[in-house]
Amino acid sequence: MNTSSLVQKVWNFCHTLRDDGVGYGDYLEQLTYLLFLKLAHEYAQEPYNRDTHIPKGYDWASLTPKVGEPLEAHYLATLHKLGQEPGMLGAIFFKAQNKIQDPAKLSRLVQLIDAENWISLDADTKGDLYEGLLQKNAEDTKSGAGQYFTPRALIEAMVACVRPEPMKTIADPACGTGGFFLGAYNWLTRPEAKLNKAQKEFLRDKTFHGNEIVPNTRRMCLMNLFLHNVGELDGEPLVARSDALITEPKLKVDYVLANPPFGKKSSMTITNEEGEENREALTYERQDFWETTSNKQLNFLQHIVSMLKVGGQAAVVLPDNVLFEGGAGEKIRRKLLETCDVHTVLRLPTGIFYAQGVKANVVFFDAKPKDGQVHTRGVWFYDLRTNKHFTLKSRTLKLDDLRDFIACYHPENRHVRKATERFHFYSYEDLMARDKASLDIFWMKDDSLDNLDDLPPPDVLQQEIIDHLEAALASFRDVAAALPRSARA
């Protein structure tokens with residue numbers, strides 16, 4: 001069976017399950033469990049003969065002879081047993097549940113996977129299949145999975161600017177389904193890279209370090225990496241199931257590529273004896289943080305700075321409020337500009353994220369020694385927002401839309417740059433003179449304000465209005481959440 005027909009076969013079965021009320025996310029979860037078991041089974045055969053550490057009686061060979069209710073019962077027992085195992089195995093099956101309630105459909109899925117030799121497929125084929133499912137899951141707005149999905153064109157552009165090198169470490173403290181890791185992996189394995197054996201082993205086992213607090217998202221990330229030949233069956237998981245913000249990082253890394261979760265406030269829900277719920281702002285008391293705040297993005301920004309080795313590079317997607325907010329936001333911005341070399345800000349257009357109402361930027365900076373010197377000489381801003389219109393359906397963001405930015409960034413030597421209509425430089429002194437040291441900078445004229453005959457198409461205009469309203473609502477919710485309870489009563 002060729003690649004395209006295999007992909008179509010997997011998709012068709014997904015649609016069959018959707019008719020039974022099984023969403024993309026649940027289908028992807030079950031596919032993850034079964035694919036992992038089948039791959040492990042294949043690796044245990046000739047010529048590999050690998051010890052997969054899967055307990056006998058709970059492996060792929062124990063599933064395939066069964067059908068109907070015996071299959072369902074044994075599948076449940078297998079998920080439970082494997083979730084208690086150590087390493088990658090336990091991480092993939094942590095708190096695993098069967099979401100396919102029809103034993104006949106479960107049997108068909110087992111047969112579909114059993115019919116293929118998955119090891120014989122190259123990493124690109126397996127990875128493309130899984131990435132396609134991840135994207136479909138993100139597009140299913142009801143599932144909320146879109147919050148973990150960064151547009152692949154944006155990831156490619158960020159990686160093309162940073163240009164990670166072999167034998168260096170890459171981290172993402174909120175890695176979702178592993179989009180940034182796979183973007184870096186594709187860069188490092190491009191044909192002209194010509195990795196040697198030691199570099200390939202380092203890439204497989206030691207390059208990537210992530211955190212993902214949501215168990216199902218974490219397992220999808222691990223599977224996504226595994227299908228691209230990153231990580232070992234019997235090794236420790238490359239993604240920790242923990243809140244990265246709680247403690248100082250144990251490992252300093254060379255690169256951080258990240259899109260931390262949207263939503264300003266970190267919070268926890270507390271239920272009293274009467275059953276009433278109250279959400280309290282969650283702050284992180286970290287000695288290495290410049291400021292204590294409940295603002296999630298500001299905390300992630302501070303954490304990312306703490307993760308970098310001296311000379312380490314970061315490219316981070318951050319919402320507009322991080323660029324202009326006062327109070328802790330201003331203090332953190334000033335410290336960032338002082339202690340790191342913040343050299344580039346890409347102002348992103350609206351309509352490119354599955355989370356609506358998001359206005360975001362990519363901030364590029366390098367870690368510098370703590371020597372009391374001001375390390376930012378100035379910041380280059382690229383405006384991809386003014387007079388740019390995108391939607392998730394009819395006008396998606398493509399890599400071609402970012403090629404001019406990559407050229408302006410000039411990754412070959414970013415110290416040799418030229419200003420263009422969309423690319424402007426502001427010195428450190430100019431930025432410090434702005435109110436609250438705001439980095440919320442625009443200079444281009446919005447053509448739609450003057451020319452009503454040249455408005456974007458109705459569907460784009462409609463989505464932009466929705467995005468603006470969603471952004472305004474989100475800001476109002478943050479203000480309301482910060483008010484004392486008596487003021488809200």
Side-chain angles (χ1 to χ4, degrees), residues 148 150-152 154-188 202-203 206-213 218 221 225 230 238-240 242-262 284 286 288-290 295-319 322-323 332-333 335-337 339-346 348 360-370 375-376 379 409 411 414:
Y148 306 111
T150 306
R152 293 306 180 238
L154 178 58
I155 290 174
E156 286 183 62
M158 291 166 65
V159 170
C161 290
V162 173
R163 292 188 165 190
E165 298 175 358
M167 305 296 283
K168 294 197 173 183
T169 47
I170 302 171
D172 183 346
C175 60
T177 53
F180 282 103
F181 290 158
L182 268 298
Y185 174 87
N186 291 336
W187 171 265
L188 288 164
F202 190 91
L203 177 61
K206 297 179 181 177
T207 295
F208 301 108
H209 303 270
N211 289 74
E212 177 50 55
I213 200 168
R218 179 196 182 214
C221 178
L225 291 170
V230 177
L238 303 174
V239 178
S242 61
D243 184 348
L245 299 177
I246 290 176
T247 57
E248 295 184 30
K250 296 181 177 65
L251 175 74
K252 299 277 187 177
V253 298
D254 297 292
Y255 307 98
V256 175
L257 300 164
N259 178 5
F262 297 132
Y284 297 87
R286 290 261 300 262
D288 59 328
F289 277 10
W290 298 314
N295 184 309
K296 196 187 304 181
Q297 278 105 20
L298 292 175
N299 284 328
F300 267 110
L301 178 57
Q302 294 182 93
H303 179 71
I304 287 166
V305 172
S306 74
M307 295 173 71
L308 289 169
K309 296 176 181 177
V310 172
Q313 301 175 55
V316 188
V317 180
L318 294 166
V322 172
L323 301 192
I332 290 168
R333 245 184 341 272
K335 289 295 287 185
L336 180 70
L337 290 164
T339 60
C340 297
D341 180 7
V342 185
H343 52 81
T344 314
V345 174
L346 168 61
L348 294 171
N361 317 266
V362 183
V363 180
F364 296 82
F365 60 90
D366 298 349
K368 294 295 179 181
K370 296 179 180 178
H375 289 287
T376 297
V379 182
Y409 186 100
R414 67 171 180 79

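Atom OG in Ser306 sits 9.0 Å away from atom CH2 in Trp290 (nearest 0.5 Å). Atoms CG and CZ, from Leu182 and Arg152 in turn, are 7.0 Å apart once rounded to the nearest 0.5 Å. We find the SG-CG distance between Cys175 and Leu238 to be 9.5 Å, quoted to the nearest 0.5 Å. Expressed to the nearest 0.5 Å, how far NZ of Lys335 lies from CG of Leu301 amounts to 13.0 Å. Between Leu188 atom CG and Phe202 atom CZ the span is 10.5 Å, to the nearest 0.5 Å.
Of all heavy-atom pairs between His375 and Pro369, the closest is NE2-O, 3.1 Å. Closest heavy-atom contact between Val362 and Leu154: CG2-CD1, 4.0 Å. When all heavy atoms are compared, the tightest approach of Asp288 to Pro249 is OD2-CD, 4.3 Å. The nearest pair of heavy atoms linking Pro261 to Phe300 is CD-CE1, 3.5 Å. A pairwise comparison of heavy atoms in Thr376 and Val342 identifies OG1-N, 3.0 Å as the closest pair. Here the closest non-hydrogen pair linking Asn299 and Leu245 is O-CD2, 3.7 Å.
Listed by chain and residue number, nothing satisfies the side chain to side chain contact (heavy atoms under 4.5 Å, CB included) test with Asn186 (two or more places apart in sequence, or in another chain). Partners of Glu165 by salt bridge (Lys or Arg N to Asp or Glu O under 4.0 Å), not counting sequence neighbours, listed by chain and number: Lys168. With sequence neighbours excluded, the residues satisfying salt bridge (Lys or Arg N to Asp or Glu O under 4.0 Å) with Arg414 are Asp341, Asp366. With sequence neighbours excluded, no residue forms a side-chain hydrogen bond (donor to acceptor under 3.5 Å, both in side chains) with Thr339. Qualifying salt bridge (Lys or Arg N to Asp or Glu O under 4.0 Å) partners for Lys206, counting only residues two or more places apart in sequence or in other chains: none. For Ile246, the side chain to side chain contact (heavy atoms under 4.5 Å, CB included) partners are Asp243, Tyr284, not counting sequence neighbours. In this structure, the side chain to side chain contact (heavy atoms under 4.5 Å, CB included) partners of Arg333, at least two apart in sequence or on a different chain, are Glu330, Lys436, Leu439. Residues that satisfy the side-chain hydrogen bond (donor to acceptor under 3.5 Å, both in side chains) test with Lys252, not counting sequence neighbours, are absent from this structure. Take His209 and apply the side-chain hydrogen bond (donor to acceptor under 3.5 Å, both in side chains) test, not counting sequence neighbours, and it matches no residue. Contacts of Ala244 classified as side chain to side chain contact (heavy atoms under 4.5 Å, CB included), with partners at least two apart in sequence or in another chain: Pro173, Asn211, His303. Evaluation of the ring pair (Phe, Tyr, Trp, His ring centres under 6.0 Å) rule for Phe208 yields Phe181 as partners, not counting sequence neighbours.
Between the side chain of Glu212 and the backbone N or O of Ser242, no donor-acceptor pair lies under 3.5 Å. Counting only distance, with no hydrogens or angles, the side chain of Thr344 and the backbone of Phe364 share no donor-acceptor pair below 3.5 Å.
Applying side-chain contact (heavy atoms from CB on, under 4.5 Å) to Val317 and the options Leu257, Val363, Asn259, Leu346 leaves one that passes, Asn259.
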Donor-acceptor contacts under 3.5 Å from residues 157-164 side chains, at least two apart:
none

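With a 4.5 Å cut-off on side-chain heavy atoms, Ile332 and Phe289 do not count as touching.
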**OP:** Carefully, step by step, assess Val379 and Leu337 under the rule side chain to side chain contact (heavy atoms under 4.5 Å, CB included).
**Re:** CA-CA 9 Å; Val379 182; Leu337 290 164; 4.1 Å; yes

After noting the C-alpha distance and the side-chain angles of Leu318 and Leu323, does the key distance pass the side chain to side chain contact (heavy atoms under 4.5 Å, CB included) rule? CA-CA 8 Å; Leu318 294 166; Leu323 301 192; 5.7 Å; no

Please lay out, stage by stage, how Phe365 and Val305 fare under the test side chain to side chain contact (heavy atoms under 4.5 Å, CB included).
CA-CA 9 Å; Phe365 60 90; Val305 172; 3.9 Å; yes

